[in-house]
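All values below come from the heavy atoms of this structure, side chains included, with hydrogens, waters and symmetry mates left out. In what follows, every chain begins at residue 1, and chains take the letters A, B, ... in the order their sequences are listed.
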Amino acid sequence: MTNQEQLINDLPKQYDHQAAQARQTAFWEEKGFFNSDVNKDKKPFTVVIPPPNVTGALHMGHALNDTLQDALVRMKRMQGYEALWVPGVDHAGIATQAVVERRLFELEGKTRWDLGREALVQRIWDWKDQYQRRIVGQIKALGCSCDWRRERFTLDDVCAKAVRHFFYKLFAEGLIYRGKRLVNWDVTLQTAVSDDEVFHETVAGNFWYLNYPVVDPQEGEPEFVTVATTRPETMLGDVAVAVHPDPAAEFDRVEKELRAKLADCPEREKDEVQAELDDLLQRRVDSLPRLIKLAEMAKAGRKVVLPLQNREIPLVADVWAKPEKGTGCVKITPAHDPNDYEVGKRQDLPAINLLNRDGTYNENAGKYQGLNLKKVRQAVLADLEELGVLVKVEDRVIEIATSDRSKTAIEPYLNDQWFVKMADLAQTAMDAVENGEVKIEPKRYAKGYLDWLSEKRDWPIGRQLWWGHRIPIWYTDATEAELEAAFAGRADVMWSPDESTGGWLVCSQTEDLAEDAVPGRKLIREEDVLDTWFSSALWPHSTLGWPEKTAELDYYYPTSVLITSRDIISLWVARMVLAGYFNTGKKPFETVFIHPKILDKYGEGMSKSKGNGVDPIAVMEKFGADALRFALAFLTTDSQDVRLSLDFECPHCGATVEQTKKNRTLPRIDCPKCKKAFSTQWAETEEDKALPLGPVVGERFEVARNFCNKLWNASRFVMINLEGFEPKAIDPSELLVEDRWILSRLASVAKRVTESLERYKYSDAARALYDFAWDEFCSFYVEISKSRLFDPARRNLAQNVLLTVLDSLLRLLHPIAPFVTEEVWRRLADFAPVRGAVPTQATESVSIAPWPTVDEAAIDPEIEARFAQFQEALRCVREARARQNVPPKTEVKFAVKCDADVAALLDPMKDYFRSMAGAVATGFGPDVEPPVLSSNAAAPGMEIYVDVAELIDVATEIAKKEKEIEKLEGFIKSKEAKLSGGFAEKAPAHVVEKERASLEELKTQRDVNVATLERLRAVAASK
RNA sequence: GGGCGAUUAGCUCAGUUGGUUAGAGCGUCUGGUUUACACCCAGAAGGCCGCAGGUUCGAAUCCUACAUCGCCCACCA
């Protein structure tokens, strides 16, 4: 066997993604193509990965995110940029700690308090190590071209240093403060969570009416004030009852508003609004006098008695109490309700905190101390009822706040909290987008970004967790003089007064302070850690070495583009922009590209809590990484989310097992067909893991896998036929129509792909490549080339063009499908190391091959139009054959009546009609006489007659003609109407001209068909 | 309640600044062992472009209202 034969023998008929991925991954790693270093001769192109949370494994959303980044980075690398993609993972404070704690409790029945800080943190590190490994493995399996030498973790030393410097800088500029704030308290995790981590659920609840006795009621005054509440237990912390200061005016205002609404609301809502209005008017009659009285009493400083606590609390006049709601009076519990907290501040009321960190009630709850919320509520209600204070209970739908992390109820809780002042920082981030320095694509996402920032709400940065960057603050009761003495000459330690204790807050920029750093005084470190986003906000510059003035920071920063998903625009993107400017004086990135979300078959977003996240590995195993990538890129448009309908495939019998909401979270599934069990991505026990994994299948992946295979086989065809090829420059004068056509198409596609990828139009790029490779290169050029390859005189040029096109196609496709293109590229080098229209040595890897330059001169619309005519003629012949059921091996004769130009084009294609349609041409030109009996078709500029002689089924032909004529008549009619109307006068001349020409063409076609029909009818009649 | 997006063939989606007869893949149907590929080839059927108005010579495309679905933000003692 010759070397050549051996190479051909080594080409399997199906693309083997497993082998290719293993081989190319190892090759890339060994060669270090994706390692990037400062190189002043090149322009940098930098991307930092949105670091995935180490909470769990990656799902399809990450696969999409990574694919889009890699496609861009690979193209830029090929375009000659010094391309750097920095990988890494995020410690994801709350989420990760929650997951580890939940597991700890499920498996061992222990809480974090049983373990203690150090042991728990150690457990989380173990978890992190495990998932970081898995995540990195997933990213590598996807083929991502990251520089792994530069991998970062938001909790590693480099990032920690950046965090400390950022905090210190904020502290130094007076932007960090500590205050009492009502926070969202997660009683399970025992930490405050941000508003963004809370979701609201609607549940059935109750509305309890309570009577608080008025102290010393006067003549004509009510003896009770009735308040309504959905949370009766909080009454223990009431400090006032509020009533609107001017209920009559408020009623008027609301009434006016409702009437206005009634006037212009849609018909079907009128009843509802009317009912609301009626209710309001009735309420006014019923309660206004009483509310006015109460407002007066409030202004007079009168009090009521808080039952159970037997505390006198004031009636206050405050606009928060809406006369149209509830009883018109509202109890005020500043420590446990955000709105009441505001009222408390306005009215100068104390805040009585009832809650312990673990969700039980504290000493302020009196005899209810130590009980949890549920029990307090029961007890309070029972006692109130006994006292006769509880006067009414209604059913009511209420909304409760739930923690996104622990899925348990959120309690508003008064707590010390660290904040960053946002006023100026937010402004810089708004300016950057408003003046175009940072671009957001698609542009519509800029609005949400700006709206969120414009609220300039201070950023709560403390988390009552153990997993994270510990806040670098120490409390001390030392005097300022003592601090000055202890830290004399230290530029890295600062302090400011601690308003809540009268002592000092000490902040250290780099190292932790010892307990005895101030002689004779004790330094106590803040327990809290920083919000995860505090460290990820620094990601673009911290990963490049900030605060050190590294060469990397100087060269690679600002980064080029940030590719992420829309749900973290405010949480993450906005904070990166403000932190970037604050720390480095520069924006963190030129552009933010927001990609679609991955939805499941029900149209719901994928999330861990729903369990509908799919491990990309389960898809890649079956279809290959390229198929996954190509499918995702193909689906990435700028307006539509990516809907993926996925199912399981039974590994035993191959049956498709529908993925349902029920079975998609199971670790093992029994195949309904063969009854055998298989495992899923959720398998954890040894027993489940021992079962074969059921791959996840979906139509989109199948299509993409087929495409990869098509490319493989087209490449295989080219390689098999390369024997004897002698590379030499292509002489344009020797090119045939089909050569010029495919080279023109290639140039157009190169242009389109480049532009599309540069504008993040991934779907466009993928589509262009798919159509070109399949419908043009494979279905036409490769087919046409077959007869040329048999002819020694014409062989070399065909080989050269095939090679040229394949070479460029591989390069264009490489960013989206890196493995198959690399596999082919390297094998191709064995067959033809020198190639291309201008012969050059192939690079050792397509990943570092130059990106195809767009050869504008090759783009030839004239030749494309002419070739289209050939394609149309071929299609007509094929259709005629199919319609008449001509056996595949039977050759038919055909002729085309057309003008000399078209004939000149078709004549050299004679061979191809034979090889591609089994048709022998008997003549092209204006003088062709229509045969009496034939299957014919009329296409623009051509009448095509396929002589099927004895085979013809006249009835079928007649039916076909009748249908066609009817259709043509319809078009002609509508066009004539159009041209006789205002169209001819008002539309631009070239459009009218086009329309006239098209009308003429249609008429010709109709006439041809009518003539044929008459002939056919005559034949039918004579039989 | 505020904002954003979607609605096109049985299904999943394209459709560039308004301009010939609205496209693709899957599925369906017909026919195929052509020396790259059955993960393939050739062909066919299938659409009142969500509904109603408007602008225009001309609307899937622009405007208004409505309907349905999804996402984000805010809020309801």
* Only counting residues at least two apart or in another chain, list the ones meeting side chain to side chain contact (heavy atoms under 4.5 Å, CB included) with A:Asp337. => A:Asn339, A:Asp340
* **Length of the CD-P vector between A:Glu455 and B:rC73, whole Å** => 11 Å
Polar-atom pairs under 3.5 Å, protein N or O versus N or O of nucleotides 55-59 of chain B: list them with distances, or write none.
{"residue": "B:rC57", "atom": "OP1", "partner": "A:Lys986", "partner atom": "NZ", "Å": "2.7"}

* Reckon A:Ser763 touches a base, only the sugar-phosphate, or nothing at all at heavy-atom distances under 4.0 Å? -> nothing
Using a cutoff of under 3.5 Å, can you pull out all pairs of nitrogen or oxygen atoms linking the protein to nucleotides 43-47 of chain B, with atom names and distances?
{"residue": "B:rA44", "atom": "OP1", "partner": "A:Arg875", "partner atom": "NH1", "Å": "3.4"}

* **Gap between atoms CG and P, on A:Leu236 and B:rA77 respectively (whole Å)** => 19 Å
* Within a radius of less than 6.0 Å around CD of A:Glu342, do more than 12 heavy atoms belonging to other residues, nucleotides or ligands occur? -> yes
* For A:Thr637 and for A:Tyr770, locate the closest nucleotide of RNA chain B by heavy-atom distance; then report the residue assigned to the nucleotide nearer the 5' terminus. => A:Thr637
* Asked: Rounded to whole angstroms, how far apart are CG on A:Asn885 and P on B:rA42?
  -> 18 Å
* Asked: Got a sec, which residues hit side chain to side chain donor-acceptor pair (under 3.5 Å) with A:Thr229, two or more places apart in sequence or on another chain?
  -> none
* Asked: When we call it a touch if two heavy atoms are under 4.0 Å apart, what does A:Ile569 touch: a base, just sugar-phosphate, or nothing?
  -> nothing
* Excluding sequence neighbours, so at least two apart, what forms side chain to side chain donor-acceptor pair (under 3.5 Å) with A:Asn706? -> none
* Can you name the residues that form a ring pair (Phe, Tyr, Trp, His ring centres under 6.0 Å) with A:Phe207, not counting sequence neighbours? -> A:Tyr209
* Asked: To the nearest angstrom, how far is A:Tyr912 atom OH from B:rA42 atom P?
  -> 18 Å
* Apply side chain to side chain contact (heavy atoms under 4.5 Å, CB included) to A:Glu755 and list each qualifying residue two or more places apart in sequence or on a separate chain. => A:Lys751, A:Arg759
* Partners of A:Phe623 by ring pair (Phe, Tyr, Trp, His ring centres under 6.0 Å), sequence neighbours excluded? -> none
* Asked: With rounding to whole Å, what would you report as the distance between B:rC62 and B:rA6 at their P atoms?
  -> 9 Å
* **Exercise: do A:Arg767 and A:Ser763 side chains pair donor with acceptor under 3.5 Å** => yes
* To do: Using a strict 4.0 Å threshold on nitrogen-to-oxygen distance, state whether A:Lys597 and A:Asp567 make a salt bridge.
  => yes
* Structure fact -> Taking Watson-Crick and G-U wobble contacts under 3.5 angstrom, with | marking pairs to another strand and [ ] crossing pairs, the secondary structure of RNA chain B is written (((((((..((((.....[...)))).(((((.......))))).....(.(((..]....))).))))))))....
* To do: Could you check whether A:Arg700 gets within reach of a base, just the sugar-phosphate, or nothing at all, counting any heavy atom under 4.0 Å?
  => base
* To do: Using the P atom on both, measure B:rU64 against B:rG25 and round to a whole Å.
  => 36 Å
* Would you check if the side chain of A:Thr327 reaches a backbone N or O of A:Thr226 as a donor-acceptor pair within less than 3.5 Å? => yes
* Structure fact -> Between A:Asp775 and A:Leu635, the residue closer to the 5' end of RNA chain B by nearest nucleotide is A:Leu635
* State which of B:rU12, B:rA77, B:rU21 makes the closest approach to the side chain of A:Lys325. => B:rA77
* Same-atom distance (C1') from B:rA45 to B:rU28, integer angstrom -> 9 Å
* To do: In whole angstrom, give me the gap between the P atoms of B:rA74 and B:rA65.
  => 26 Å
* To do: Nearest whole angstrom, please: distance from the P of B:rG15 to the CZ of A:Arg767.
  => 7 Å
* **Interatomic distance, A:Trp452 CH2 vs B:rC72 P [rounded to whole Å]** => 16 Å
* Scan nucleotides 34-40 of chain B nucleotide by nucleotide, 5' to 3', and note B when protein non-hydrogen atoms come under 4.0 Å of the base, S if they reach only the sugar-phosphate, - if neither. => -BBB-BS
Please tabulate, one pair per line, all N/O donor-acceptor pairs under 3.5 Å involving side-chain atoms of residues 707-716 of chain A, not counting sequence neighbours.
{"residue": "A:Asn709", "atom": "OD1", "partner": "A:Tyr15", "partner atom": "N", "Å": "3.0"}
{"residue": "A:Trp712", "atom": "NE1", "partner": "A:Pro12", "partner atom": "O", "Å": "2.8"}
{"residue": "A:Asn713", "atom": "ND2", "partner": "A:Lys13", "partner atom": "O", "Å": "3.1"}
{"residue": "A:Asn713", "atom": "ND2", "partner": "A:Asn709", "partner atom": "O", "Å": "3.2"}
{"residue": "A:Ser715", "atom": "OG", "partner": "A:Leu711", "partner atom": "O", "Å": "2.7"}
{"residue": "A:Arg716", "atom": "NE", "partner": "A:Leu11", "partner atom": "O", "Å": "3.2"}

Please tabulate, one pair per line, all N/O donor-acceptor pairs under 3.5 Å involving side-chain atoms of residues 697-705 of chain A, not counting sequence neighbours.
none

* Asked: In whole Å, what separates the C1' atom of B:rC13 from that of B:rC49?
  -> 13 Å
* Structure fact -> Testing B:rA14, B:rA77, B:rG25 for proximity to the side chain of A:Phe207, the answer is B:rA77
* P atoms of B:rU68 and B:rU30, separation to the nearest Å -> 42 Å
* Rounded distance in Å between the C1' positions of B:rC4 and B:rA59 -> 24 Å
* Atom-to-atom span, CD1 of A:Ile784 to C1' of B:rC41 - whole angstrom -> 16 Å
* Provide the distance between the two P atoms, one in B:rU34 and one in B:rA42, to the nearest whole Å. => 13 Å
* Only one of A:Val380, A:Thr333, A:Leu306 passes side chain to side chain contact (heavy atoms under 4.5 Å, CB included) with A:Leu236; say which it is. => A:Val380
* **Cationic N near anionic O, under 4.0 Å, A:Lys322 to A:Glu324** => no
* A:Thr229 near the nucleic acid: base, sugar-phosphate alone, or nothing, with a heavy-atom cut-off under 4.0 Å? -> sugar-phosphate
* In whole angstrom, what separates A:Lys443's NZ from B:rG3's C1'? -> 19 Å
* Asked: For B:rA77, does either OP1 or OP2 sit under 4.0 Å from a side-chain N or O belonging to A:Thr327?
  -> no
* **Shortest non-hydrogen contact from A:Ser565 toward A:His595** => CB-NE2, 3.6 Å
* Asked: For A:Cys329, which contact category applies under a 4.0 Å heavy-atom criterion: base, sugar-phosphate, or nothing?
  -> base
* Residues A:Glu441, A:Lys443: salt bridge by 4.0 Å N-O rule -> yes
